[in-house]
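Just so it is clear, the structure is predicted and the values come from calculations on it, not from any experiment. Positions are given from 1, in the same order as the sequence printed here.
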Amino acid sequence: MGIQEPIIRSYDGVADRGRVEDLERRCEVGPSERVFLFTDTMGDPICRIRNSPMHKMLVAELDNQLVGVIQGSIKLVTFHPNKPPPKDQAKVGYLLGLRVSPQYRRKGIGSSLVRRLEEWFVCNDVDYAYMATEKDNQASAGLFMNKFGYIKFRTPAILVNPVRYRPCRVSSGVEIAKLRIEEAEYLYRKCMASTEFFSHDIDKVLGNKLSLGTWVAYPRGDGLRVGDFGSNGDEVVPSNWAMLSVWNSGELFNLRLGKAPLSCLMYAKSWKLMDRFLPCFKLLPSMPDFFTPFGFYFMYGLHHEGPLSGKLVRNLCRFVHNMAANSSSEYSSKNCKVVVTEVGGGDPVKHYIPHWKLLSCSEDLWCIKPLKNDSLHELTKTHPTKSLFVDPREV
């Protein structure tokens with residue numbers, strides 16, 4: 001008897017929603033040797049790609065059961081930073097959310113889903129397809145690199161900082177102010193348009209309801225009018241400054257820790273006991289309960305200039321932490337338990353971003369594949385740029 005081929009088709013929001021949600025709850029995210037995370041899409045299985053310019057979800061059926069899903073998005077980005085516009089741009093397709101039911105793995109279902117999504121990319125004139133996975137996830141890396149010809153492209157760092165009871169101290173010598181959307185767009189296009197993977201529809205990202213805003217930090221006493229920050233030319237931009245934007249990923253989906261290193265488990269449980277029986281210890285840093293569903297803020301578009309800008313980045317990160325922790329803040333979210341960001345592996349800014357190594361990933365793995373006749377020779381021979389723009393719609 002031959003091997004039964006799965007039926008691959010587009011996601012049907014009415015017929016498939018419950019079954020896809022059930023599959024998500026049963027499929028772990030992350031390398032099993034270290035940590036298991038489970039995803040709660042809160043009634044919207046397509047939430048991770050819904051805000052992208054073009055998106056598609058495919059499902060796989062076998063034996064009258066929904067046994068696999070994959071998602072993809074398409075956008076225009078800066079891809080060749082050293083070339084002049086428009087040769088610096090490329091249309092890229094991002095593969096994410098590949099899930100196969102545990103009892104149906106190693107039957108070619110994942111391969112069928114990847115193949116069909118790549119066909120959709122080709123039909124939409126995509127130049128390159130790329131995906132991201134944990135460095136230690138050998139099954140995922142092996143599928144894409146060994147079977148489909150993807151190659152290692154970048155290794156960003158994912159930095160995770162827990163939201164704690166105690167507020168972080170923001171330096172009194174630092175001014176932090178929120179930008180209007182048009183000001184933020186101006187600065188991003190001016191300062192980051194040549195950054196690798198910069199999204200050319202940055203205006204859509206900043207204007208999305210999930211984007212809580214963009215903040216700048218600069219030394220107090222520079223005499224700037226924040227309302228005109230960067231809008232009249234270089235003369236109103238200080239010599240030392242930094243900016244970042246915040247995306248409320250917790251409004252899209254929640255995560256839950258299913259397995260963790262023993263040290264993490266013991267630390268979390270010990271602090272839970274102290275919070276209950278020794279409330280005075282709430283003044284000390286503590287670890288939230290990650291074993292119940294939680295949301296997170298994602299900091300994106302980090303940019304800084306000047307020899308003192310590292311300190312400004314650190315203060316901006318503390319400011320965002322306090323936003324998440326302050327229940328009376330207009331930006332607070334009672335379910336936000338971590339603040340996350342992702343930066344280029346060689347970007348020195350990561351040394352100024354508060355994070356816990358226990359929760360962070362020093363090397364995420366991005367793999368890429370040309371879908372046209374173009375060669376990746378130039379990219380593989382070029383030293384990676386330090387800066388990398390990570391689109392919050394693809395987290």
Side-chain angles (χ1 to χ4, degrees), residues 10-13 16-30 36-60 66 68-75 77 92-101 110 113-114 116-118 120-121 124 126 129-134 137 140 144 156 158 160 197 199 201 204-205 208-212 245-258 293-301 333 335-342 361 364-367 389-395:
S10 295
Y11 166 76
D12 183 326
D16 298 331
R17 186 180 70 178
R19 296 194 295 171
V20 172
E21 286 188 292
D22 179 65
L23 180 62
E24 283 280 2
R25 283 191 290 267
R26 291 185 289 113
C27 291
E28 72 281 357
V29 182
F36 275 166
L37 284 170
F38 294 89
T39 306
D40 177 5
T41 57
M42 302 188 297
D44 184 14
I46 207 166
C47 60
R48 291 183 65 194
I49 55 173
R50 184 176 296 282
N51 293 288
S52 298
M54 293 182 65
H55 60 267
K56 191 175 189 68
M57 176 187 274
L58 298 174
V59 300
L66 193 148
V69 299
I70 195 171
Q71 301 178 32
S73 62
I74 297 174
K75 63 180 179 180
V77 303
V92 297
Y94 181 49
L95 301 95
L96 70 159
L98 176 61
R99 308 278 190 267
V100 177
S101 182
L113 287 165
V114 172
R116 284 289 296 275
L117 191 58
E118 285 187 347
W120 179 66
F121 288 159
N124 285 278
V126 168
Y130 76 106
M131 52 77 66
T133 188
E134 299 83 5
N137 193 333
S140 178
F144 284 93
I158 301 175
V160 181
F197 274 78
S199 300
D201 63 339
K204 300 293 193 303
V205 179
N208 192 288
K209 65 179 181 180
L210 296 173
S211 192
L212 300 180
S245 299
V246 182
W247 184 270
N248 187 5
S249 297
E251 288 295 315
L252 290 177
F253 63 94
N254 280 187
L255 298 172
R256 175 178 60 83
L257 195 61
F294 63 91
F296 63 97
Y297 285 170
F298 185 78
M299 301 186 299
Y300 69 97
S333 172
N335 206 30
C336 179
K337 295 182 181 178
V338 292
V339 176
V340 183
T341 192
E342 189 167 8
C361 174
D364 195 25
L365 178 63
W366 286 20
C367 298
F389 187 91
V390 179
D391 193 329
R393 298 172 297 186
E394 297 177 350
V395 173

Do you know the tightest heavy-atom contact between [X] and [Y]?
X    : Y    : result
V205 : P392 : CG1-CG, 3.7 Å
S199 : V77  : CA-CG1, 4.5 Å
Q71  : L117 : O-CD2, 3.3 Å
I74  : V126 : CD1-CG2, 3.7 Å
D364 : A132 : OD2-CB, 4.0 Å
M42  : G250 : CE-O, 3.3 Å

Enter the distance from [X]:[atom1] to [Y]:[atom2] here, rounded to the nearest 0.5 Å.
X    : Y    : atom1 : atom2 : answer
N208 : S245 : CG    : OG    : 12.0 Å
R48  : T41  : CZ    : OG1   : 10.5 Å
I70  : L95  : CD1   : CG    : 5.0 Å
C367 : Y130 : SG    : OH    : 12.5 Å

Looking at residues at least two apart in the chain, or sitting in another chain, which of them share a side chain to side chain contact (heavy atoms under 4.5 Å, CB included) with [X]?
X    : answer
N248 : L212, E251, Y297
R17  : Y11, E21, P45
S211 : W247, Y300

Do the side chain of [X] and the main chain of [Y] share a donor and acceptor less than 3.5 angstrom apart?
X    : Y    : result
S73  : I49  : no
D391 : R393 : yes
N137 : S140 : yes

Next on the checklist: Test of understanding: with salt bridge (Lys or Arg N to Asp or Glu O under 4.0 Å), list the residues that count as partners of K337, not counting sequence neighbours.
Outcome noted: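 Expected list: none.
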
Next on the checklist: Quick one, D44 with L252, criterion side-chain contact (heavy atoms from CB on, under 4.5 Å). Give me CA distance, side-chain angles, the key distance, then yes/no.
Outcome noted: CA-CA 8 Å; D44 184 14; L252 290 177; 5.7 Å; no

Checklist entry - Residues in side chain to side chain donor-acceptor pair (under 3.5 Å) with S52, at least two apart? => result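 Counting only residues at least two positions away or on another chain, S52 forms no side chain to side chain donor-acceptor pair (under 3.5 Å).
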
Next on the checklist: Applying side chain to side chain donor-acceptor pair (under 3.5 Å), can you list everything that pairs with R25, at least two apart in sequence or on another chain?
Outcome noted: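 Listed in chain order: nothing, the list is empty.
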
Side chain proximity check, [X] to [Y], heavy atoms < 4.5 angstrom:
X    : Y    : answer
Y94  : F197 : no
V114 : M131 : no
R256 : D40  : no

Checklist entry - Could D16 and R19 be called an ion pair, given the rule that one side-chain N must be under 4.0 Å from one carboxylate O? => result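 Between R19 and D16 there is a salt bridge, with a charged N closer than 4.0 Å to a carboxylate O.
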
Checklist entry - Parallel, tilted or perpendicular: which describes the rings of F296 and F253, with under 30° parallel and over 60° perpendicular? => result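 Answer is perpendicular, since the angle exceeds 60°.
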
Item to check | Steps toward side-chain contact (heavy atoms from CB on, under 4.5 Å) verdict (F144, L365) | outcome: CA-CA 12 Å; F144 284 93; L365 178 63; over 6 Å; no

Item to check | Chi angles and distances behind the side-chain contact (heavy atoms from CB on, under 4.5 Å) call for F298, V390 | outcome: CA-CA 10 Å; F298 185 78; V390 179; 3.8 Å; yes

